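For reference, the structure discussed in these notes is given below.
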Number of protein chains: 2
Amino acid sequence: MSVIESTTRPEGKDRYTISEVAALTGLTAHTLRWYERIGLMPHVDRSHTGQRRFTERDLHWLAFVGKLRLTGMPVAAMVRYAELVREGEHTSAERRELLETTRRDVQSRIAELQDTLAVLDIKISHYEEQCGGTTR
Amino acid sequence: MSVIESTTRPEGKDRYTISEVAALTGLTAHTLRWYERIGLMPHVDRSHTGQRRFTERDLHWLAFVGKLRLTGMPVAAMVRYAELVREGEHTSAERRELLETTRRDVQSRIAELQDTLAVLDIKISHYEEQCGGTTR
DNA sequence: TACTTGCTTCGAGTGCACTCGAAGGTTCTA
DNA sequence: TAGAACCTTCGAGTGCACTCGAAGCAAGTA
């Protein structure tokens with residue numbers, strides 16, 4: 001399968017071992033296997049002897065997951081999304097909804113943080129007024 | 001002490017019981033006591049019989065802590081800040097530094113999230129193109 | 001051939017931030 | 001005066017997301 005891949009990707013390897021992916025992503029091999037086990041990876045290819053061979057696509061997915069992780073999205077929700085991807089085309093509506101909900105969440109997180117930033121700025125400006133240091 | 005307080009605050013009570021504060025903040029009494037125990041509260045007043053009496057100032061502090069918590073700031077760092085506050089005027093430089101470091105952290109968190117938002121928007125726009133739903 | 005890397009399953013450990021319950025007491029409120 | 005709310009200390013439990021180690025074996029590399 002995927003003869004197409006080999007012709008459309010003339011530069012760079014498209015199959016990475018688990019330790020290579022670990023080095024590239026900063027995740028451990030343990031964690032990568034765990035991601036797969038809990039269903040957070042949409043099917044990882046294997047070599048003829050059963051070793052994992054990650055593709056560029058997998059790396060992209062991991063990068064995406066990394067981003068989602070930064071938003072504080074629970075792993076369960078990411079797993080849900082991965083499931084939908086595995087299930088194919090007919091889940092696209094639900095996937096889109098999930099992404100849009102996430103987008104709203106991220107936006108309100110940003111708003112919260114900007115709020116906090118404002119509070120910090122006020123606090124910091126108090127210290128700036130008395131710019132000597134030990135002055136009351 | 002603080003006779004000033006009683007005159008400058010004619011409206012609203014300025015002493016809250018632990019259950020009132022729990023109701024106002026959404027934290028449990030257990031958690032409020034825990035905050036005090038670990039040094040996250042800059043000294044809570046007591047009634048003559050030893051019960052906690054939180055002030056408006058304490059509520060403000062808790063609101064601030066709540067904001068910091070949203071940024072993902074570790075509790076240890078907040079405790080450090082509370083310590084500095086307790087230690088008095090001569091720590092103001094360090095406090096300011098801590099706040100500025102936090103501000104930078106928050107700003108980069110915001111940047112990360114905006115990055116993620118961009119990725120989400122791209123993903124979502126893919127779904128928008130095929131606006132029928134099940135269309136390939 | 002030796003060594004490294006990979007595979008599996010299993011289960012335990014870690015760190016954080018709570019969260020809860022219980023025991024045994026005191027104080028407040030209707 | 002009854003019952004609710006408060007106090008203390010202690011220690012255990014929870015949920016999340018890893019994180020690690022070990023056992024026992026297969027495959028790849030110098």
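Lettering follows sequence order; numbering is per chain, from 1. Here the structure is a predicted model, which means the values were calculated and not measured.
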Measuring to OP1 and OP2 of [N], would you say a side-chain N or O of [X] lies under 4.0 angstrom away?
X       : N      : answer
B:Ser19 : D:dC6  : yes
B:Tyr35 : C:dA17 : no
A:Thr49 : D:dG28 : yes
B:Arg52 : D:dC6  : no
B:Arg69 : C:dA17 : no

Review point. Is B:Glu94 salt-bridged to B:Arg80, cutoff N-O under 4.0 Å?
Key: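 Yes, B:Glu94 and B:Arg80 are salt-bridged.
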**Study point:** Basic-acidic side-chain contact under 4.0 Å: B:Glu112, A:Arg109
**Key:**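 The answer is no: the pair does not qualify as a salt bridge.
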Check your understanding: Which nucleotide sits closest to the side chain of A:Ile18: D:dC6, D:dC18, C:dG6?
Key ->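 Comparing D:dC6, D:dC18, C:dG6 against the side chain of A:Ile18, the answer is C:dG6.
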Point to revise | Minimum-distance nucleotide (side-chain atoms of A:Gln51 versus C:dT5, D:dT8, C:dC18) | key: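 Comparing C:dT5, D:dT8, C:dC18 against the side chain of A:Gln51, the answer is C:dT5.
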Exercise for review: Starting from the 5' end of DNA chain C, give me the residue, B:Gly72 or B:His30, whose nearest nucleotide shows up first.
Suggested key: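 That would be B:Gly72.
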Check your understanding: When the nearest nucleotide of DNA chain C is assigned to B:Arg53 and to A:Arg46 on a heavy-atom basis, which residue is associated with the more 5' position?
Key ->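 Whichever sits nearer the 5' end wins; that is A:Arg46.
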Rounded to whole Å, how long is the line connecting atom [atom1] of [X] with atom [atom2] of [N]?
X       : N      : atom1 : atom2 : answer
A:Leu70 : D:dC18 : CG    : P     : 11 Å
B:Glu20 : D:dA4  : CD    : P     : 18 Å
B:Glu36 : C:dA17 : CD    : P     : 19 Å
B:Leu68 : C:dC16 : CG    : P     : 17 Å
A:Arg37 : C:dC7  : CZ    : P     : 12 Å
A:Asp45 : C:dG6  : CG    : P     : 16 Å
B:Ile38 : C:dG15 : CD1   : P     : 17 Å
B:Trp34 : C:dC18 : CH2   : P     : 5 Å

Check your understanding: When rounded to the nearest 0.5 angstrom, what is the spacing between OG1 in B:Thr31 and CG in B:Leu40?
Key ->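 Nearest 0.5 Å value for the OG1-CG distance: 11.0 Å.
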Point to revise | NE2-CZ distance between B:His43 and B:Arg57, expressed to the nearest 0.5 angstrom | key: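 Result: 12.5 Å between the selected atoms.
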Exercise for review: Determine the contact category for B:Thr17: base if any of its heavy atoms lies under 4.0 Å from a base atom, sugar-phosphate if only primed atoms, P, OP1 or OP2 are that close, otherwise nothing.
Suggested key: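 B:Thr17: backbone/sugar contact only, no base atoms under 4.0 Å.
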Practice item. Tell me what B:Arg33 touches on the nucleic acid: a base, only sugar-phosphate, or nothing, going by heavy atoms under 4.0 Å. Key: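 It contacts base atoms.
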Check your understanding: Side chains of A:Thr102 and A:Asp105: donor-acceptor distance under 3.5 Å anywhere?
Key ->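 Their side chains do not contain a donor-acceptor pair, so the 3.5 Å distance test is not met.
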